[in-house]
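Please read the structure below before turning to the comments.
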Amino acid sequence: MIYLILFLEFFKVGLFALGGGLAALPFLQDLIAKYGWMTAAELLNMIAISESTPGAIGINTATFIGNNTAGITGGIIATAGLAAPSIIIITIIAHYFESFNQHPLVKSAFSGIRPAVAGLIGSAAFELARGGIFNLNNLQLNNNLLQFFDFKSLLLLIIIFAAIRKFKKHPIFYIMAAALIGIIFKF
Amino acid sequence: MKKLLTIFLVFFKIGSFTFGGGYAMLPIIKRELVDNLGWIKENDIYNYYAIGQSTPGIIAVNTATMTGYSLCGVKGALAATSGFIMPSLIIITLIASFFKRFQQINLFQHAFAAIQVAVVALIIDIVIKMWQKSDKSKISLLIFLLAFLLLVIFDLSPVFVILGSAAAGISIQYYRGNLQSAYHNYHNQNQESDK
């Protein structure tokens, strides 16, 4: 019974959460309050861990909550529930997209969408940098430009970016290297 | 079967190294499927990502399903998605068993803080590559800047940005007369293939 509840509840989250992993947060808060699976503080801890481990944040959090509620099987079922709407909806869209992607209307729509996606991805980088590399709050609090940047992070950004442009190694290489640097220099 | 296994393994790799939101998977998808295997065109990946962004569900799962489907139909979609999800299931299940201890390890926090910086660098690189792949027109630059500013300053939902830019793309091609001639060619081609 708990398995069925987990599957259906996470199916609903997957169906209605539009946007990034954190868009699911309000849904999850309602969910744990409704069933008393854990406290809000425990949920925030889990999300923090889900953010700093590999994989999509939403998937990680679903595995976590399911596992916490009903063991390993619970984790698998909650995750399957969360992914199921995506698989169903996207498979239907992909099926039609294959036959329509040469259509003039679709092609011209994508000529506008592609630069917008670049903007979308750029803004994601900006949001990420806002937390780690520069801090608007510090600037407003202290009016001191020196505290605006986290110089250690800024330096690392410049070095990694230069290395990416020059050496063109696999992205995983840079992620692993950064992890190592982060541990050694206590980021 | 071999192709399905490759799809599963590639997305397992992607799932293992995607830190943060779905955009973080793009540099690895591009390297694996465009550069190494040559299975997909670079622009197609950005199209799939746009679709993944503007449909319900987890963006990364949507993108994985969409990419998998384009490679090998429904089976490909399932192989890609299960491959992408598998590392999460394994890692989180392990962590959940050691939850209390994990919180005390700062090692992960230090590593993650620096990984975020690397992801920012990788994404800037991808945005530059997207620009190099584009038509480099003033209007594309305008759409890019507009999308960026609307998202960063006004916190607008990506769904509206994608719908708006789709409308802009159609209007621009119509205004230039490209849409009409493209329609003409499209119908001629279809008639030929009907014969």
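Throughout, a chain's letter reflects where its sequence line sits, starting with A, and its residues are numbered from 1. When reading the values below, keep in mind they use all heavy atoms of this one structure, side chains included, and skip hydrogens, waters and symmetry mates. Computed from a prediction, not measured in an experiment: that's the story for all the values here.
- When each of Ala62(A), Gly55(A), Pro115(A) is scored by its heavy-atom pairs under 4.5 Å with chain B, the top score falls to Pro115(A).
- Checked against side-chain hydrogen bond (donor to acceptor under 3.5 Å, both in side chains), Asn178(B) has the following partners two or more places apart in sequence or in another chain: Gln173(B).
- Distance check: Asn36(B) CG to Leu33(B) CG gives 9.0 Å after rounding to the nearest 0.5 Å.
- Among the candidates Thr79(A), Leu180(A), Ile93(A), Thr91(A), the residue making the largest number of heavy-atom pairs closer than 4.5 Å to chain B is Thr91(A).
- Contact count versus chain B (heavy atoms, under 4.5 Å) is highest, among Leu154(A), Ile160(A), Ile121(A), Ile59(A), for Ile121(A).
- Contact annotation for Lys12(A): neither backbone nor side-chain heavy atoms come within less than 4.5 Å of a heavy atom of chain B.
- Asp44(B) meets the salt bridge (Lys or Arg N to Asp or Glu O under 4.0 Å) test with no other residue; sequence neighbours excluded.
- Geometrically, Lys152(A) engages Phe187(A) in a cation-pi contact, judged by NZ or CZ lying under 6.0 Å from the ring centre and within 45° of the ring axis.
- Contacts of Lys168(A) with chain B are made by both backbone and side-chain atoms, with heavy-atom separations under 4.5 Å.
- Residue pairs meeting the salt bridge (charged side-chain N to carboxylate O under 4.0 Å, His left out) criterion with at least one partner in residues 112-138 of chain B, sequence neighbours excluded, are Arg165(A)-Asp125(B), Asp125(B)-Lys129(B).
- You'll find the ring centres of Phe110(A) and Phe97(A) inside the 6.0 Å limit.
- Residues of residues 3-15 of chain B lying within less than 4.5 angstrom of chain A, judged on heavy atoms, are Lys13(B), Gly15(B) in numerical order.
- For Ile76(A), the parts lying near chain B are the backbone and the side chain together; criterion is any non-hydrogen pair under 4.5 Å.
- The part of Ile89(A) that comes within reach of chain B is its side chain, from C-beta onward, which places non-hydrogen atoms under 4.5 angstrom from that chain.
- How far CZ of Phe64(A) is from CG of Asn60(A): 8.5 Å, rounded to the nearest 0.5 Å.
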